[in-house]
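Basis for what follows: all heavy atoms, side chains included, without hydrogens, waters or symmetry-related copies.
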Amino acid sequence: MPLALKHRWNLSFEQAARLQVRLRSRVRLSPPRGAIRRVAGADVAYDSSGDTLVAAVLTYRLPGMELEEVVTARDRVRFPYVPGFLSFREVPAIVRAARRLRAKPDLLLCDGQGLAHPRRFGLACHLGLLLDVPSIGVAKSILVGRCREPGFRRGNRSRIVHQDEVVGWAIRTRSGVRPVYVSPGHRCNLPWAARKVLSCCRGFRLPEPVRQAHLEVTRLRHRAE
DNA sequence: GCGACAG
DNA sequence: ATCTTGTCGC
């Protein structure tokens with residue numbers, strides 16, 4: 001899969017923040033019209049020394065959720081972890097892996113925030129924009145904003161509000177389990193994103209593509225230490 | 001200045 | 001994220 005947009009990565013925090021603001025204007029919020037037949041999940045892991053990261057992107061066919069492709073890539077860590085700048089640390093490796101996909105996915109589920117970000121440009125937005133693929137941020141905790149505890153049952157949700165804006169939803173993807181924090185990445189809106197995340201869950205808290213991507217990078221990390 | 005803070 | 005064992009609950 002070719003990337004639709006490219007830019008340099010060795011930036012100062014100030015330059016990175018300015019880039020986020022500039023790229024934010026390119027994010028689109030209209031959801032895809034047709035059915036989603038191929039959904040991807042991406043995740044990253046670090047080796048114990050912390051200077052290498054491994055990324056994996058897995059694609060599945062819908063509606064049956066059959067595994068189609070598994071691509072991976074290794075890369076050197078080039079950016080520190082600073083809240084609000086996670087994509088500058090993880091996206092390069094994920095892009096390296098994604099470029100090896102033979103077939104472009106119709107949707108990409110990312111481990112992190114989308115619009116629920118201080119400058120409305122989380123990892124999911126960044127990745128969706130560079131690859132020009134509809135994307136959704138599925139985070140395990142909140143970066144910015146506040147929300148009430150959603151109801152106990154699967155499907156229950158509550159708004160994540162930041163600076164008087166609804167930037168995402170806390171969604172119970174499985175009854176009685178901690179919610180996930182969903183926000184649009186690129187080329188989709190919140191209701192559509194929430195529906196897709198719920199439909200991609202297979203009995204676990206995290207949607208299957210991201211859950212399996214996480215297992216994959218964890219295996220890769222152990223296999224090389 | 002004091003906390004909060006995706007992975 | 002990573003460092004780490006057992007343990008409570010369905």
Original post:
What nucleotide, of C:dT2, B:dG7, B:dC5, holds the atom closest to the side chain of A:E90?
Top reply: B:dG7
**OP:** Tell me which nucleotide among B:dG7, C:dA1, B:dA6 gets nearest to the side chain of A:H214.
**Re:** C:dA1
Reckon [X] has a side-chain N or O less than 4.0 Å from the OP1 or OP2 of [N]?
{"X": "A:R221", "N": "C:dC3", "result": "yes"}
{"X": "A:Y81", "N": "B:dA6", "result": "yes"}
{"X": "A:S141", "N": "B:dG7", "result": "yes"}
{"X": "A:K140", "N": "B:dG7", "result": "yes"}

[X], [atom1]: over 12 other non-hydrogen atoms inside 6.0 angstrom:
{"X": "A:E14", "atom1": "CD", "result": "no"}
{"X": "A:R102", "atom1": "CZ", "result": "no"}
{"X": "A:R219", "atom1": "CZ", "result": "yes"}

Expressed as a whole number of angstroms, how long is the span from [X]:[atom1] to [N]:[atom2]?
{"X": "A:L53", "N": "B:dG7", "atom1": "CG", "atom2": "C1'", "value": "11 Å"}
{"X": "A:F13", "N": "B:dC5", "atom1": "CZ", "atom2": "P", "value": "19 Å"}
{"X": "A:R174", "N": "C:dG9", "atom1": "CZ", "atom2": "C1'", "value": "11 Å"}
{"X": "A:H222", "N": "C:dA1", "atom1": "NE2", "atom2": "P", "value": "12 Å"}
{"X": "A:R146", "N": "B:dC5", "atom1": "CZ", "atom2": "C1'", "value": "14 Å"}
{"X": "A:F85", "N": "B:dA6", "atom1": "CZ", "atom2": "C1'", "value": "13 Å"}
{"X": "A:R178", "N": "C:dG9", "atom1": "CZ", "atom2": "P", "value": "18 Å"}
{"X": "A:H117", "N": "B:dA6", "atom1": "NE2", "atom2": "P", "value": "11 Å"}

**OP:** Describe, in one word, how the ring planes of A:F13 and A:F85 are oriented to each other, choosing from parallel (under 30°), tilted (30 to 60°) and perpendicular (over 60°).
**Re:** perpendicular
**OP:** Taking the six-membered ring for Trp and the single ring otherwise, decide whether the centroids of A:Y81 and A:F88 are under 6.0 Å apart.
**Re:** no
Looking across every strand, which nucleic acid part, if any, lies under 4.0 Å from [X] by heavy atom: base, sugar-phosphate, or nothing?
{"X": "A:A116", "answer": "nothing"}
{"X": "A:F79", "answer": "nothing"}
{"X": "A:G84", "answer": "base"}

**OP:** May I have all residue pairs that pass side chain to side chain donor-acceptor pair (under 3.5 Å) and include part of residues 121-143 of chain A, sequence neighbours excluded?
**Re:** A:H7-A:H126, A:S87-A:H126, A:D111-A:K140, A:D132-A:R187
**OP:** Return the stems involving DNA chain C, sorted by first number, where pairs are Watson-Crick (N1-N3 with N6-O4 or O6-N4) or G-U wobble (N1-O2 and O6-N3), both under 3.5 Å, and runs are 3 or more long.
**Re:** none
**OP:** Taking all heavy atoms of A:R120 and all of A:R24, pick out the closest pair and write down the distance.
**Re:** O-CD, 2.7 Å
